[in-house]
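In what follows, every chain begins at residue 1, and chains take the letters A, B, ... in the order their sequences are listed. Everything numeric in this text was worked out from a predicted model, so none of it was measured.
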Amino acid sequence: MRDLFAVAMMFGIYSLLTAALFMDLDAADVAFTEAAVGAGVTTILLLSSLRLTGRWERRPKHSPLLPLLVVGVTGAALVYGTLDMPHLGDPQAPVHQHVAPHYIENAPQEMGIPNIVTAVLASYRGFDTLGETLVIFTAGLSVFLLLGSRAGGRPRPGKTAIGEQPVLRLVVKVLIPFILLFALYVQLHGEYGAGGGFQAGVIFATGMVLYDLVFGEGDARLVVPARWLPRLAAFGILVYGSVGLYALLHGRPFLDYTVLAEDPMVGRHLGILLVELGIGICVFAVVLSIFYALSGRRRQP
Amino acid sequence: MSNVSDLFNYWVVVFLMMAGFYVVIAQGNLIKKLIGLSLFQASVFIFYISLGFVEGGIAPILEEGVSNYANPLPHVLILTAIVVSVATTAVGLALAVRIHEAYGSIEEDDIQTLDLEADDPDEAPSDKPEDSPR
Amino acid sequence: MNLGDHLPLLAIILPLLAAPVCVLIGRAGAAWLIALTSSVLSLAAAAALLQGVVQERTVSYQLGGWAPPWGIELRVDLLGAYVLLIVCAMAAMVMAYARRSVIREVEAALIPAFYAALLLVFAGLAGITVTGDAFNLFVFLEISSLASYALISMGRDRRAVSAAFQYLVMGSIGATFILIGIGFLYLMTGTLNMQDLAQRLPAVSDTRTVRAGFAFLTVGIGLKLALFPLHLWLPNAYAYAPSVVSALLAATATKVAVYALLRFIIDVFGADFSLGDMPLNLLLILLGSLGILVASLVAVYQDNVKRMLAYSSVAQVGYMVLGIGLASAAGVSAAILHLFNHALMKGALFLALGAVAYQMGRVRLKDFAGLGRSMPWTMAAIVVSGLSLIGVPGTAGFISKWYLVLAILEQDLWPLAMLVLVGSILALLYMGRLVEAAYFQHPEKNTVVPREAPLSLLLPLWVLATANLYFGLFTDLNVGIAQQASSQLLEGRP
Amino acid sequence: MLNAAVLAIMVTMALALVRAFMGPTAYDRLLAANLFGTKTVLLIALAGHALDWSGFLDVALLYAMVNFVGTIAVMRFFEYGAGEEEE
Amino acid sequence: MNLLLEGLSAACLLAGSFLCITGGVGLLRLPDFFSRVHAAGVTETLAAPLLLTGLMLQMDWSLDLLKVLLIMLFLLATNPTASHAMAKAALHGGQGPNDEKAEEDKGSIS
């Protein structure tokens, strides 16, 4: 498979199948994220960088013996590790005995929201999610450092991306409001079903990317100029951080949402919503800035 | 020694991991290495999620009259890990683009030969001109 | 809960949230100021935390108000506070030093983002030392390494970008191995909190899954540690990165990885399991000694001084790993001591190289010809920290080597003691080349004679150089804490 | 009855995969990938109802969108790739 | 009443799956790219709504029903456009609709 475009598409299919597998393993949220990210963002980023680095791959010259050996050893260690594992899905496995039951029993009383995953994500292990948002922020920062926002010459307003496609432009014009609305639905729906700040941010960005693809990035940059995006991402993180720090002012430990309102339940609701909003803004800004940096760059041979 | 047939799904995951790991090590093209890397990470996620699967349970979204739910903790870990995997791939792609501009190719062998060609590693004219578009 | 209770959190939240503020403000001068103030404040928090921990052994901080196994807990014991202090101290020094060096090496438009990334590397490393949750450690590790990939690629030489890519690939593989290891442990115990893991592991410690998990974790951390066979990414990464970045990474990154290794091997798995049942102590001793020999030998033949110091870092990591491999209280305390002293030495040396790069633009051995006269202060600092690297009595390096040799002799492993001596001699060799070039060679005719580096570069450099001497002479503070930390770690559980 | 439909979809996906591997021109691969994506949306919808998963319809809707955007992206970047240089 | 519903949904599902398979086979067998676009078009734009209506008939009135309807509308909007855009792009890509010669040499290059 030496045509890297085909490899990128195959990778899209692979991550799609992984998302379907997650669905089957009862992981709705994770399937949602994997589909939005694996098939959507990664494929688009891959394609836009392949545009810059060339589509064809040369046959590697050196012999595959050493890699095979290393892979074999690691694989043997992994299989050795799996021998004592409990079977798939057996309820007696230690995993389901210790920490998890607490989440399932107490989440309704303490949080009052049906989606336990969002409850654990935003409140029980909120610090992990702050770390996760910072990882995304670091990625956006690194791509900004590497490719710079103004790189690749000034945006070419009005240059249509795919030649003359009047039909496509019309349909996309109708679709984009729907996509952005769907993203908003996912953002606010995080507590009741699959969804949340991170997936919503990605869908927002995909909507803008679609606009950029079809109408040429000149127009897209007029709508959301590239200069704002790093600041927007920073703003998203500060929203998250300030919700946490607010608890500090009241003498409660960091990220304790009960201080936000008298009744702790309402406080936690509010906290989770605010936090998800912060993540959504940050992810949207980062994904879009990475796409701009890659697609806006002129091809240097 | 639990009978082996039940562990089948772990071995599928192990095979996927090793496929991804092999691509990262053996392939010369930098972008293919990145794809192999995210393949490797994706299969680790499948492993995590298969930990949390409970026979007959449903997705961890509370509904009346249902008591048996899948374990939510691995899902939370994986949501974070997917983000990490995407972030690494994005930075890797940006690096690959910069390497292509600096070296003219993203094949690992070419990069090594170009580096060795420069006789005095630091004297090499290859020092990026100051005005390269950042 | 007054301010004192929030210390573990403040030490890492300040730089974490200062990074987005730097990007938001977007002006270079302000970004540097924010970076400096936040690292100095977290240094103060770390110092206060160390006082607190010295009295009451461990400080625990529950995030979001949830009890440990369910919520995430920041748990700081003596070792954690000690490593946090050195990380914050080195970060404060590097930030104070950075202003002029960054202006010269980084394009103006990118400087605010550069400082934000520096803060994120520092915050990620500080987070690793503070967190008590295994998965949280993975997240912080990922933050610091992701930020360091971009920073390394900012170097002026085009090889910086390919070095950053190699580091990204090997770093991500290491991180994924750690993730697999944590997954195996979680599978068998059902928890992620390190203390909880420590209690629940002995029951399942003879199963193959835990052993495989242990192996993956050790290899993953070994990759991050640049342990001998897995160190290939380090020389290029440190050599071609901007001088400020290589200073910060050399002084802190590998040290925090050693801390993580200690935390997992002794705290989570228990010393008798990891160093007794599993053949890890032999492995560590073997790899450590190999690392010392091979890396020092290669360092002698390097032309680029930064690469030389990078190889010497790999050798010094070999010493620490050797200490851990001895599996004795003395050995572990020697490793902790060396962790502290090595941060001082490498920090000073890389800052000095930054000063030379600031004046000369490049740091090859030829550029050092005649520097003894033209940049006296910088060269004097290099000599002082070089002596500390070799382990001359009266410097911090000597103390850690002394305690390491004592620990070795305790188990009368004569060959190892000889090995440490040979390592010091090799260090004498490659530092000698540098000093000889600086003081006894004359610069080529046509090169311009550089002036001395500006004061803002020299001050932090000299603070670190004198710290090398201070900790060489007054050893009670340093050695006391190291021995207490290692005994607390080891007697934590039999 | 649902299972029969799910089976039919799976067969079509397999055929699409064969075309994706074999397809001489890159356009064939693109076509096959697009078809594969649409079929997966249907698969998730039908299988979700049959095995009564929860929250599967959001995933199906999202995937229809992502598949469309992916196809447009490939066409956009493919045109650049083919147009400018043939290595 | 629900017998009628059952029968109708069974019929829809059957027709949908039949079209699906014919489209798939068509995708493999047809020689030229543009005829394959037609085959793919059949499955995407006809079989999909049939299958989804079959599904909708089986579901009771709920939010899910609305979502399936939404998916159907979305598919109806995007698939024809995608096929149209692909055909147009292929045309631009220099691959004439039914000139066999162009098919062979074009095949070798890309």
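Using a 4.5 Å heavy-atom threshold, the side chains of V139(C) and V84(B) count as separate. Within the 4.5 Å cutoff, the side chain of I173(C) has heavy atoms near those of the F21(B) side chain. In this structure, the side chains of Q41(B) and L179(C) stay at 4.5 Å or more apart for every pair of heavy atoms. With a 4.5 Å cut-off on side-chain heavy atoms, F165(C) and R98(B) do not count as touching. Looking at heavy atoms from C-beta onward, Y48(B) lies in side-chain contact with I182(C) at the 4.5 angstrom threshold. A 4.5 Å side-chain heavy-atom check between I180(C) and F40(B) finds at least one atom pair inside the cut-off. Taking the side chain as every heavy atom from C-beta outward, Y186(C) and P74(B) approach each other to under 4.5 Å.
Looking at L34(B), only its side chain comes within 4.5 Å of chain C, counting heavy atoms on both sides. Neither the backbone nor the side chain of Y167(C) comes within less than 4.5 Å of any heavy atom in chain B. For A150(C), no part lies near chain B; criterion is any non-hydrogen pair under 4.5 Å. For I99(B), the parts lying near chain C are the backbone and the side chain together; criterion is any non-hydrogen pair under 4.5 Å.
The heavy-atom pair separating V91(B) from Y149(C) by the smallest distance is CG1-CB, 4.4 Å. Contact detail for F135(C) and L77(B): the closest heavy-atom pair is CZ-O, 3.3 Å.
Classified by interplanar angle (parallel below 30°, tilted 30° to 60°, perpendicular above 60°), the ring pair F47(B)/F184(C) is perpendicular.
Residues of residues 140-148 of chain C lying within less than 4.5 angstrom of chain B, judged on heavy atoms, are E142(C), L146(C) in numerical order.
The most heavy-atom pairs under 4.5 Å with chain C, out of V24(B), V44(B), L30(B), come from L30(B).
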